[in-house]
Amino acid sequence: MSENNKIITRFAPSPTGFLHIGGARSALFNYIFTKQKEGKIILRIEDTDLERNKEEFTEGIYRAFEWLDLKFDENKKQSDNFPIHRKYLEKLISEGHAYISKTKEEDLLEAKKEGKTLRGEVIRFKNPNKVISFTDLIRGEVSVDTTDLGDFVIAKSLDEPVFHLSNVVDDILMGVTHIIRGEEHLANTPRQILIWEAVGERERATYAHIPLILSETREKLSKRIHGEIVSVEYYKNRGYLKDAFINFLAFLGWNPGGEREIYSLGEIIKEFNIEKVQKGGAVFNIEKLNWFNKEYIKLQSESEQLEYIKEFLPNIEKYSDEMLQKLRPVLVDRISYYAELKDMDEVGELDYYLNTPTYSNPNEIIWKKSNKENTILNLELIENILRKENNESNLDNLWEEIYKLAEEKGKGDILWPLRYALSGKDKSPDPKSLLYILDTKEALLRVENAIESLRNL
RNA sequence: GGCCUUAUCGUCUAGCGGCUAGGACAUAUCCCUCUCACGGAUAAAACCGGGGUUCGAUUCCCCGUAAGGUCACCA
């Protein structure tokens, strides 16, 4: 593709909040589309609303993209272009496409009642009142009579353009060829096309409006009512893997056909076809994300898993490296995202790795089909084995002996009390894993304690 | 309310005139098993309604219905 018909796209968030998952998906679709066509993608921070903008939100957006590892070819801030926007406003006015409009007294008064202040005059676009048709890559032909849009405001003053003007002028100036954005902008498109045509200069861009991400109740997901789950950083902080997150997001509203669902970004770029993007909104289902994430955790290398564990496991300083190594498979097996380690820690599911358990209800040491005497006897047999193997530290031998004993005496009658003695819990990983993770000396102590508790019963 | 958009299992979706309507998540049951988790298997579960077009509609058209978006001196 030659340089002058190269595809140019942009993602244009406003820094009035953290990056929304819907925004992330828009950006992702832009990114995928652009990479596939070997085009250029621009990140343009739309900071024209001076009152609501915050630098921290811009930072947050950058951080989110850094996490997702989506890199933009250009980084722009719309406010840098205010002088240019002014020139275009002047041009539109002199050509009769826009005019300065006095605000009506009654509107001024009404706004005051609501606590808002309106400018005495603003710049409005002179609506030619015609039917605008465009081809949306996802939706096909869309056609709207712009008459009922009226003469809409495009700037508060020559130096304060608002969204429609800045957005269109920048798209024209930056050579944007494809505008891929959320469906909430579909209704804005006709008036933006009106401005685009009034400015002239360039053939208009091709539009594609991607469906919204919906809540359980099928409405647009919003931070206000749906909370932090709409923020991309939430997923980063909860220990989701960016590849899983991207895979999930891309498959919300699109898929390559076929039955495979685990696709790397590179594979998605290869397979992507914007015309196959779903038209209807998609309900955001965190269960499915969790499944994707678990699949990606399984795909991680041991050292990657260890890194995440070190980041998310509470009281990490209390675990030795050796123990962490041993703990890794057990932990990874039980989570879909790494922050679940914190949840497990909070409910005490990790206690027994660090602390010798106490048996508040020793009856639970006894297997359901057994009795106290038998259990004490069996634990003593285990105790003997542990004592014998204590200095050899050969886990395989140790386990072999215990398992032989279990087969002899009945698995439940050996394995249950052993596991309970080691964990102090009715639910826990299997005793072999526990023995593997715990020091043999510690295991012996726990078995002795359990016997003691039973005797005192 | 006006305008725009959408409509396949509970959810994400495959399907692009003829299929026992396929897969995944979630659910249930079973297997594995001392418990939990993992894993494996099986099951239940959908074409919004009504008219056309057609030999034949989930698929094409129209009308309803429902849902969503948007109607700012926000983006």
Side-chain angles (χ1 to χ4, degrees), chain A residues 12-17 23 46-49 51-53 78 101 103 107 111 116-124 136 138-140 142-150 152-157 160-164 166-167 181-191 209 211-212 214 216-220 248 251-262 276 278-292 294-295 298 329-335 349 364 367-370 406 410-420 423 425-431 433:
Chain A
S14 70
T16 53
E46 305 230 321
D47 54 348
T48 50
D49 185 348
E51 274 130 54
R52 296 200 306 153
N53 289 339
Q78 196 156 52
S101 149
T103 307
D107 291 345
K116 285 186 262 178
T117 36
L118 290 185
R119 305 299 171 97
E121 49 180 49
V122 290
I123 299 165
R124 289 182 185 273
D136 187 292
I138 295 167
R139 277 145 222 286
V142 179
S143 134
V144 184
D145 185 348
T146 60
T147 305
D148 36 282
L149 265 28
F152 49 91
V153 174
I154 54 174
K156 296 182 212 173
S157 73
E160 298 163 286
V162 301
F163 171 61
H164 292 300
S166 302
N167 189 272
R181 57 188 357 179
E183 195 189 333
E184 71 267 28
H185 288 291
L186 191 55
N188 290 326
T189 304
R191 74 185 83 197
H209 288 91
L212 263 14
L214 273 21
E216 302 282 315
T217 51
R218 304 206 132 264
E219 66 215 329
K220 191 169 137 183
F248 167 74
F251 272 58
L252 211 53
W254 174 83
N255 73 80
E259 286 170 6
R260 184 154 75 100
E261 296 198 83
I262 303 298
K276 284 187 71 181
Q278 212 71 21
K279 296 188 185 83
V283 172
F284 175 76
N285 181 213
I286 202 162
E287 304 280 352
K288 186 85 185 218
L289 203 214
N290 288 345
W291 173 79
F292 268 109
K294 193 173 186 76
E295 293 299 310
K298 287 190 221 161
V330 177
L331 256 22
V332 155
D333 201 45
R334 308 171 97 76
I335 56 168
E349 269 181 54
E364 293 196 329
W367 191 45
K368 59 186 174 184
K369 291 179 190 166
S370 189
K411 287 182 192 166
D413 232 340
I414 296 293
L415 268 17
W416 175 277
L418 201 215
R419 192 180 57 74
Y420 201 99
S423 67
K425 306 263 181 207
D426 56 342
K427 295 170 184 173
S428 81
D430 62 278
S433 301

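In this text the structure is predicted, and so the values were computed from the model without any measurement. By convention in this document, chain letters (A, B, ...) are assigned in the order of the sequence lines, proteins followed by strands, and residues within each chain are numbered from 1.
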Just checking [X]: base, sugar-phosphate only, or nothing, at a heavy-atom cut-off of under 4.0 Å?
X         : result
Lys369(A) : nothing
Val153(A) : sugar-phosphate
Gly258(A) : nothing
Tyr420(A) : nothing
Thr16(A)  : nothing
Leu212(A) : sugar-phosphate
Asn188(A) : base
Asp333(A) : base
His185(A) : base
Asp426(A) : base
Asp413(A) : nothing
Gln278(A) : sugar-phosphate
Arg119(A) : base
Thr48(A)  : sugar-phosphate

Write down the partner of [N] under the Watson-Crick or G-U wobble criteria, each distance required to be under 3.5 Å.
N       : answer
rC38(B) : none
rA44(B) : none
rU54(B) : none
rA7(B)  : rU65(B)
rG1(B)  : rC71(B)
rA21(B) : none

Nearest-nucleotide 5' precedence on RNA chain B, Pro417(A) against Glu219(A): Pro417(A)
5' priority, RNA chain B, between Lys220(A) and Leu186(A) [closest heavy atom]: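 Upstream on the strand: Leu186(A).
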Taking the same atom, [atom1], in [N] and in [M], what whole-Å distance lies between them?
N       : M       : atom1 : result
rC60(B) : rU53(B) : C1'   : 8 Å
rU29(B) : rU5(B)  : P     : 46 Å
rG40(B) : rU8(B)  : C1'   : 29 Å
rA43(B) : rU6(B)  : C1'   : 32 Å
rC61(B) : rG68(B) : C1'   : 24 Å
rA28(B) : rC34(B) : C1'   : 24 Å
rC4(B)  : rU42(B) : C1'   : 46 Å
rG18(B) : rC12(B) : P     : 25 Å

Side-chain donor or acceptor of Gln78(A) paired with backbone N/O of Ser166(A) under 3.5 Å: yes
From Arg419(A) atom CZ to Asp426(A) atom CG, the distance as rounded to the nearest 0.5 Å: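 Separation between the atoms: 7.0 Å.
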Ile262(A) CD1 to Glu295(A) CD distance, which is reported to the nearest 0.5 Å: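 Atom-to-atom, Ile262(A):CD1 and Glu295(A):CD are 5.0 Å apart.
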ring-ring contact (aromatic ring centres under 6.0 Å, His included) partners for Tyr420(A), two or more places apart: none
Qualifying residues under ring-ring contact (aromatic ring centres under 6.0 Å, His included), relative to Phe163(A), sequence neighbours excluded: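 Applying ring-ring contact (aromatic ring centres under 6.0 Å, His included) to Phe163(A) gives His185(A).
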Glu216(A) atom CD, over 12 foreign heavy atoms within 6.0 Å: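 Incorrect, the count does not exceed 12.
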Lys156(A) atom NZ: more than 12 heavy-atom contacts under 6.0 Å: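 Yes, NZ of Lys156(A) has more than 12 neighbouring heavy atoms, counting only those of other groups under 6.0 Å.
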Bounds of contact between RNA chain B and chain A, in 5' to 3' order, using a heavy-atom cut-off under 4.0 Å: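 Contact span on the strand: rC3(B) to rA75(B).
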Stepwise salt bridge (charged side-chain N to carboxylate O under 4.0 Å, His left out) check, Arg139(A) with Glu183(A): CA-CA 10 Å; Arg139(A) 277 145 222 286; Glu183(A) 195 189 333; 3.7 Å; yes
Ser428(A) to Ser423(A) - nearest heavy-atom pair and separation: OG-OG, 3.5 Å
